[in-house]
Amino acid sequence: MTETAAEFAGAIDRGLENVVACTTAISTISGSTLLYRGYTIEDLAAHASFEEVVYLLWRGRLPTRAELEPFERSLRRNMALPPEAFPWFHGLPTQVHPMDFLHAVVAGLSLHDPDANVIDDAANERKAVRLTARLGTIIAAYHRVRSGQWPLQPIPDRSIAWNFLYMLLGREPEPERVEQFDTCLILHADHELNASAFSARVTSSTLSGLYSSVMAAIGTLKGPLHGGANEQVMRMLLEIGSPERIDSWLDQAFATKAKIMGFGHRVYKEGDPRARILREMSRDLTREVGHPELFEMSARIDDIMQNKKGLLPNVDFYSATVYHSMQIPVDLFTPVFAMSRVSGWCAHVFEQYGNNRIYRPRGRYTGPVGLHYEPIERRR
Ligand code: COA
């Protein structure tokens, strides 16, 4: 170290807000429009299946029927966990955060996967299929084991959405519920350079494998400023408890400058289109399951946040009451986000490998310089 401070003096952009780190053709946000490969999220949510959207994200265009059928079959064939995983899966602790469990199981699965450290297009797609097919199975199995029940095996001729609800709840789900859950998976599948996709890209840019990239992304999604917000939204609603407590609860939160989960966004300033779709779903579902007050409370919080703070709801705000109405346990909300977003992470890793340069930004050094090593007995 020289006696002078480091010379590098590039502009600092905390949070990389104005940095364009790569080109991407997967998804984009403009105003309050979200496009996956050119299609609006509203169009896909209304007409596509999650499996079709996965194909779209990975291959760049919607499949024909002849292309979709084998693609769906390969996803469905891979939903079951490999038998080699059973002995250690059942030995894992379940009184842990389910995102940590998911992380550990993905790491464990990589140890049995002969493709784990092979980086070529065919191996990458095989791993992406296995991960996208299996995250829902892992989450449902985790919940069954911690509830003292045997995990259910996936039914290979049913969709990922159908199987997740079936394996979680232990009964065949109603077709309407499957359709709504499938829409949730579509809405969460990708979102440009969100923090977890960026993590996945940073990891893959070192030419580390897909499993490592997905594990990095799971860790990033877990935080309450990213995917962990949906769980916190539901906890907030349950803590508030009743509509007449909303004002005092929010006043207290504003006084302590606490962040209200499910509001605000780095990119959307005119509103998150996914939140609009989820708001309608939340209104219908909470009414259907006999808890309309949960939607009414959410809508009132939404009004206050807009009027007093100028902040709009993001994807995590209304998805909380949607998942709650589907009987998904609160601590599984973020893992459910991951079971969809894994498809986007894989798309980003494919794209990164296709045009790779390692991510290596600079930090502006603010520490001391010119110090000299002092033997330990002379230090004070
Ligand atoms: N509740 C209260 N205030 C909020 C807020 C929220 N949810 N989101 C942003 N703000 C305030 C910040 O406190 C900050 O105010 P200040 O300038 O007086 O300090 C200002 O709005 C800008 O917010 P900032 O956190 O700097 O924006 P960001 O782009 O760095 O962060 C989020 C974006 C999403 C992380 C942020 O809005 C947030 O923490 N939201 C809650 C968590 C959440 O819902 N995450 C899911 C995102 S999809």
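Numbers here are sequence positions counted from 1. Both ligands and their constituent atoms are indexed starting at 1 by order of listing. Only this structure's heavy atoms are used, side chains among them; waters, hydrogens and symmetry mates stay out.
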Q: Under the 4.0 Å line, does any protein heavy atom show up next to atom 42 (C) of ligand 1?
A: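 Given the 4.0 Å limit, the answer for atom 42 (C) of ligand 1 is yes, a protein heavy atom qualifies.
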Q: Using heavy-atom distances, let me know which of Leu312, Ile260, Asn230 sits nearest atom 7 (N) of ligand 1.
A: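 Going through Leu312, Ile260, Asn230 one by one, Ile260 has the nearest heavy atom to atom 7 (N) of ligand 1.
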Q: When Met297 is tested against each of Thr286, Thr321, Leu237 for side-chain contact (heavy atoms from CB on, under 4.5 Å), which residue passes?
A: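 So the option named by the test is Leu237.
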Q: Specify whether Phe317 and Phe263 have parallel, tilted or perpendicular ring planes, treating 30° as the upper limit for parallel and 60° as the lower limit for perpendicular.
A: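 Judged by the thresholds at 30° and 60°, the geometry between Phe317 and Phe263 is tilted.
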Q: Within 4.0 Å of atom 3 (N) of ligand 1 (strictly less), any protein heavy atom?
A: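 Protein heavy atoms within 4.0 Å of atom 3 (N) of ligand 1 - there is at least one.
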Q: Tell me whether Asp113 is salt-bridged to Arg130, with the criterion being a basic N under 4.0 Å from an acidic carboxylate O.
A: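 Judged by the 4.0 Å cut-off on N to carboxylate O distance, Asp113 and Arg130 do form a salt bridge.
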Q: Look at atom 16 (P) of ligand 1 and say whether a protein heavy atom is found at less than 4.0 angstrom from it.
A: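 For atom 16 (P) of ligand 1 the answer is no, since every protein heavy atom stays at 4.0 Å or beyond.
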Q: What's the separation between atom CG in Leu187 and atom OH in Tyr36, rounded to the nearest 0.5 Å?
A: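 The CG atom of Leu187 sits 6.5 Å away from the OH atom of Tyr36.
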Q: Pairing donors with acceptors under 3.5 angstrom, does anything connect the side chains of His226 and Ser196?
A: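 There is such a pair (donor and acceptor under 3.5 Å, judged by atom type) between the side chains of His226 and Ser196.
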Q: For ligand 1, which atoms sit closer than 4.0 Å to a heavy atom of Met261?
A: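 Going through ligand 1 atom by atom, the ones under 4.0 Å from Met261 are 42 (C), 44 (O).
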Q: Salt bridge between Arg245 and Glu239, side-chain N to carboxylate O under 4.0 Å?
A: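 No, this pair does not count.
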Q: Can you pull out the closest protein heavy atom to atom 45 (N) of ligand 1? Residue, atom name and distance to 0.1 Å, please.
A: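 Ranked first by proximity to atom 45 (N) of ligand 1 is Leu225 O, 3.0 Å.
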Q: Measuring from atom 33 (C) of ligand 1, which candidate in Arg266, Gln232, His191, Lys309 has the nearest non-hydrogen atom?
A: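 Heavy atom nearest to atom 33 (C) of ligand 1 belongs to Arg266.
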Q: Would Thr203 and Ser213 count as a side chain to side chain donor-acceptor pair (under 3.5 Å) if you check the C-alpha gap in whole Å, the side-chain angles of each, and the deciding distance to 0.1 Å?
A: CA-CA 5 Å; Thr203 304; Ser213 305; 5.2 Å; no
Q: Does atom 31 (O) of ligand 1 have a protein non-hydrogen atom under 4.0 Å from it?
A: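 No, there is none.
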Q: Would you mind checking which non-hydrogen protein atom is closest to atom 46 (C) of ligand 1, with the distance to 0.1 Å?
A: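 Going atom by atom, the protein heavy atom closest to atom 46 (C) of ligand 1 ends up being Asp316 OD2, 3.2 Å.
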Q: Check whether any protein heavy atom sits under 4.0 Å from atom 25 (O) of ligand 1.
A: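 Yes.
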Q: Are there protein heavy-atom neighbours of atom 28 (P) of ligand 1 below 4.0 Å?
A: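 It does: a protein heavy atom is found less than 4.0 Å away from atom 28 (P) of ligand 1.
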Q: Measure the acute angle between the ring planes of His112 and Trp88, then classify it against the limits of 30° and 60° as parallel, tilted or perpendicular.
A: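 Taking Trp88 first and then His112, their aromatic rings lie parallel (interplane angle under 30°).
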Q: If you count heavy atoms of other groups shown closer than 6.0 angstrom to CG of Asn117, is the number above 12?
A: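 Open.
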Q: Is Arg59 paired with Glu125 through a side-chain N to carboxylate O contact shorter than 4.0 Å?
A: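 Judged by the 4.0 Å cut-off on N to carboxylate O distance, Glu125 and Arg59 do form a salt bridge.
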Q: What residue and atom, counting heavy atoms only, is the protein's closest point to atom 5 (C) of ligand 1, and at what distance?
A: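 Of every protein heavy atom, Leu311 CD1, 3.4 Å lies nearest to atom 5 (C) of ligand 1.
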Q: Run the numbers for me: atoms of ligand 1, each under 4.0 Å from some heavy atom of Ala229, listed by number.
A: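 That gives atoms 43 (C), 44 (O), 45 (N), 46 (C) of ligand 1.
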Q: I need the nearest protein heavy-atom contact for atom 40 (N) of ligand 1: residue, atom name and distance, please.
A: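 That would be Phe263 O, 2.9 Å.
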Q: May I ask whether Val202 and Leu221 are part of the same hydrophobic cluster, defined by side-chain heavy atoms of I, L, V, M, F, W, Y residues being less than 4.5 angstrom apart, directly or through others?
A: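 Looking at the clustering, Leu221 is in a separate group from Val202.
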Q: Should Trp162 and Phe181 be marked as a ring pair (Phe, Tyr, Trp, His ring centres under 6.0 Å) after you check the CA-CA gap, both sets of side-chain angles, and the distance that decides it?
A: CA-CA 8 Å; Trp162 188 97; Phe181 187 62; over 10 Å; no
Q: Below 4.0 angstrom, counting only protein heavy atoms, does anything approach atom 19 (O) of ligand 1?
A: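 So far as the 4.0 Å threshold goes, atom 19 (O) of ligand 1 is out of reach of every protein heavy atom.
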Q: Given Asp272, Asn314, Val233, identify the one with the heavy atom nearest to atom 47 (C) of ligand 1.
A: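 Result: the heavy atom closest to atom 47 (C) of ligand 1 is in Asn314.
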Q: Identify, for atom 34 (C) of ligand 1, the protein heavy atom at the shortest distance, and state residue, atom and that distance.
A: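 Going by distance alone, atom 34 (C) of ligand 1 is nearest to Gly264 O, 3.8 Å.
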Q: Right, does atom 22 (C) of ligand 1 have protein non-hydrogen atoms nearer than 4.0 Å?
A: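 Neighbour list for atom 22 (C) of ligand 1 is empty of protein heavy atoms (cut-off 4.0 Å).
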Q: Students should be able to answer this: which protein heavy-atom is nearest to atom 36 (C) of ligand 1, and at what distance?
A: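 Protein heavy atom at minimum distance: Lys259 NZ, 3.9 Å.
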Q: For Gly262, counting its heavy atoms only, list the atoms of ligand 1 lying under 4.0 Å from any of them.
A: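 This gives 43 (C), 44 (O) as the contact atoms.
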Q: What atoms of ligand 1 come within less than 4.0 Å of a heavy atom belonging to Pro224?
A: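 Selected atoms, number and element: 42 (C), 45 (N).
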Q: Can you tell which part of His226 has a heavy atom less than 4.0 Å from ligand 1: side chain, backbone, both or neither?
A: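 For His226, the contact with ligand 1 is made by the backbone alone.
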Q: Please determine which of Arg300, Arg279, Met281 meets the side-chain contact (heavy atoms from CB on, under 4.5 Å) test together with Phe295.
A: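 That would be Arg279.
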